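Reminder, nothing fancy here: chain letters follow the sequence lines and each chain counts from 1. Side chains included, hydrogens not; waters and symmetry mates left out as well; all remaining heavy atoms used. Nothing here was measured: the structure is a model prediction, and the numbers come from that model.
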Protein chains: 2
Amino acid sequence: MAQISTASTSVKHPRSKTRIQQENEERILLAALEVFSQNGFHGATLDRIASAADMSKPNLLYYFKNKEEIHIALLTGLLDVWLAPLREISADGEPTLEIGAYIRRKLESSREFPRESRLFANEILAGAPHIGTFLQTELKQLVDEKAKILQRWIDNGQLAPCDPRHLLFAIWSTTQHYADFSVQVRHVLGLPPGDKSYYTDAAEMLDTLFLGRLMGADDVP
Amino acid sequence: MAQISTASTSVKHPRSKTRIQQENEERILLAALEVFSQNGFHGATLDRIASAADMSKPNLLYYFKNKEEIHIALLTGLLDVWLAPLREISADGEPTLEIGAYIRRKLESSREFPRESRLFANEILAGAPHIGTFLQTELKQLVDEKAKILQRWIDNGQLAPCDPRHLLFAIWSTTQHYADFSVQVRHVLGLPPGDKSYYTDAAEMLDTLFLGRLMGADDVP
DNA sequence: AAGAGATTTGACCAAACGGTAAAAATGTTA
DNA sequence: TAACATTTTTACCGTTTGGTCAAATCTCTT
């Protein structure tokens, strides 16, 4: 479920939030997540969001002053959740275990929050008009920090030499692919719409890819 | 949904194409690629496409009967290009070389055709309303065929055991990531807008990841 | 139960959008 | 160059969309 509502989903109410206010904001954000993630920002209409939230459009606009504000509220609420798996990487752990666990967390995140993943993907594809500065500041800072840890592991000979940042890119892309491109994955595998069974094979593949030896495996049975 | 019209961008002209017709259709498709890839299907407007093609909107609609037809024409034209790198994988080659060359082709394709990649990504993210059957038929068939080749390599001990289809997913996602998420990549790396220099590091990373040993590399200098 | 404040609704609006019709302009060819 | 076909433009239309407003209703407190 979406964590979303951080501190400031600033509505026109400076005072503390009512019970109804909190309920409705959550209902709206949930509905908006559904609609935005399916059709992108421009494909989503206030009418459809309102309808999905079982609410009239003017009522919806009583809680969020416009479409963009809903979108931004959704994105900002998402960012912390999105970065949580990376934050957990510890410098004190064993590289193999740490990276393996990170990949599993990321993949699990894709399976559990596919709509959030697609919302994020849509935003980036559109050029990150709303979270551009977040990428340049918070995300960059976190990546820099974790890249240092990875670099230390490389220097210790515990990890093959590579650009740590690009290693993260590879992890992000492979794991998020299963949420963002799920339609393609299912069609290629010949699976029905709701089927998410491919995640087990995916996990195995990513383990082999990132933790095992992919090529030149002479020790194959 | 709407099926891809076959080869021809069927306009209201059953006869052979005029010089002007060919020029203008190309101009329109180029402009549409720019606009669609930046804003997605719903974010793109006929006015902006027409403006980008330096043409009036009714004139544009003289060549394509509606917005959807432009989008479909663009996608269909793209599919062959998109699959070309995969088609080239040969069963007769050395696995390491074949896969390495495939990855390089794919990455090069991302660098050279980022707009096409984003167009494709947008379509898949939206649930593949226009190319759903293509994914289920042509793409699936090609993947099945190439997966067999990979499986043979695995059985011969030339490639670590893994699900061949998911290996392809991993290659697709990592390579296309650099086109689709280029904004994020640049922001995290602290590069200016036009800079594509990260592709060299990317190529190295993917080589290490797919062809080398990433973890447990005790033979590091 | 009354009053204040919060919430919901229906009616509406201006702009943007996809698309059309027909005339005007241009190109092509006999 | 005249006749015909193709291309372009001007003016327009109906719908959808994001958003407003004031009145009506509901909720909570005292």
Student: Between C:dT28 and B:Arg19, is there an OP1 or OP2 to side-chain N/O distance shorter than 4.0 Å?
Tutor: yes

Student: Check this one for me: any side-chain N or O of B:Gln21 less than 4.0 Å away from OP1 or OP2 of D:dT6?
Tutor: no

Student: Regarding A:Glu34 and A:Gln38, do their side chains bring together a donor and an acceptor under 3.5 Å, going by distance alone?
Tutor: yes

Student: Taking the nucleotide of DNA chain C with the nearest heavy atom to each, does A:Ile20 or B:Leu46 sit closer to the 5' end?
Tutor: A:Ile20

Student: So, do B:Leu86 and B:Lys106 sit near enough that their side-chain heavy atoms are less than 4.5 Å apart?
Tutor: no

Student: Between B:Glu204 and A:His166, do the side chains contain a donor N or O and an acceptor N or O under 3.5 Å apart?
Tutor: no

Student: Heavy atoms under 4.0 Å, any strand shown: does B:Ala50 hit a base, just sugar-phosphate, or nothing?
Tutor: nothing

Student: Atom CG of A:Asn59 to atom P of D:dT20: distance rounded to whole Å?
Tutor: 15 Å

Student: Over how many whole Å does the gap from A:Tyr63 atom OH to C:dA6 atom P extend?
Tutor: 11 Å

Student: Return the value, rounded to whole Å, for the distance between atom CD of A:Glu23 and atom C1' of C:dA6.
Tutor: 14 Å

Student: Using 30° and 60° as the class boundaries, would you call the ring planes of B:Phe169 and A:His177 parallel, tilted or perpendicular?
Tutor: tilted

Student: Excluding sequence neighbours, so at least two apart, what forms side chain to side chain contact (heavy atoms under 4.5 Å, CB included) with A:Ser197?
Tutor: A:Leu191, A:Asp195

Student: If you look at every strand shown and take non-hydrogen atoms under 4.0 Å, does A:Thr45 touch a base, only sugar-phosphate, or nothing?
Tutor: sugar-phosphate

Student: If I take atom CD in residue B:Gln22 and atom P in nucleotide D:dT6, what distance separates them, rounded to the nearest angstrom?
Tutor: 15 Å

Student: Are B:His42 and B:Phe36, when compared by the centres of their aromatic rings, separated by less than 6.0 Å?
Tutor: no

Student: Once you apply a heavy-atom cut-off of 4.0 Å, does A:Arg48 come out as touching a base, just sugar-phosphate, or nothing?
Tutor: nothing

Student: Within this structure, what is the CG-to-C1' distance between A:Leu61 and C:dT7, rounded to whole angstrom?
Tutor: 14 Å

Student: Over how many whole Å does the gap from B:Phe36 atom CZ to C:dG18 atom P extend?
Tutor: 9 Å

Student: Quick one: the side chain of B:Lys57 and the base of C:dG18, do they pair up donor-acceptor inside 3.5 Å?
Tutor: yes

Student: Rounding to an integer number of Å, can you tell me how far B:Glu68 CD sits from C:dG19 C1'?
Tutor: 14 Å

Student: Answer whether the closest heavy-atom distance between the side chains of B:Arg186 and B:Lys196 falls below 4.5 Å.
Tutor: no

Student: How close or far is atom P of C:dC12 from atom CG of A:Asp47, stated in whole angstroms?
Tutor: 17 Å

Student: At less than 3.5 Å, do the side-chain atoms of B:Lys65 and the base atoms of C:dG19 form a donor-acceptor pair?
Tutor: no

Student: For the helix from C:dA1-D:dT30 to C:dA30-D:dT1, what angle lies between the axis at the first five pairs and the axis at the last five pairs, to 10 degrees?
Tutor: 20°

Student: At under 4.0 Å, does any side-chain N or O of A:Asn24 touch on OP1 or OP2 of C:dT8?
Tutor: yes

Student: Tell me, yes or no, whether the heavy-atom count around A:Glu108 atom CD, taken from other residues, nucleotides or ligands under 6.0 Å, exceeds 12.
Tutor: yes

Student: Under 4.0 Å from OP1 or OP2 of D:dT8: is there any side-chain N or O of B:Tyr62 that close?
Tutor: no

Student: Is any side-chain N or O of B:Ser56 closer than 4.0 Å to OP1 or OP2 of D:dT9?
Tutor: yes

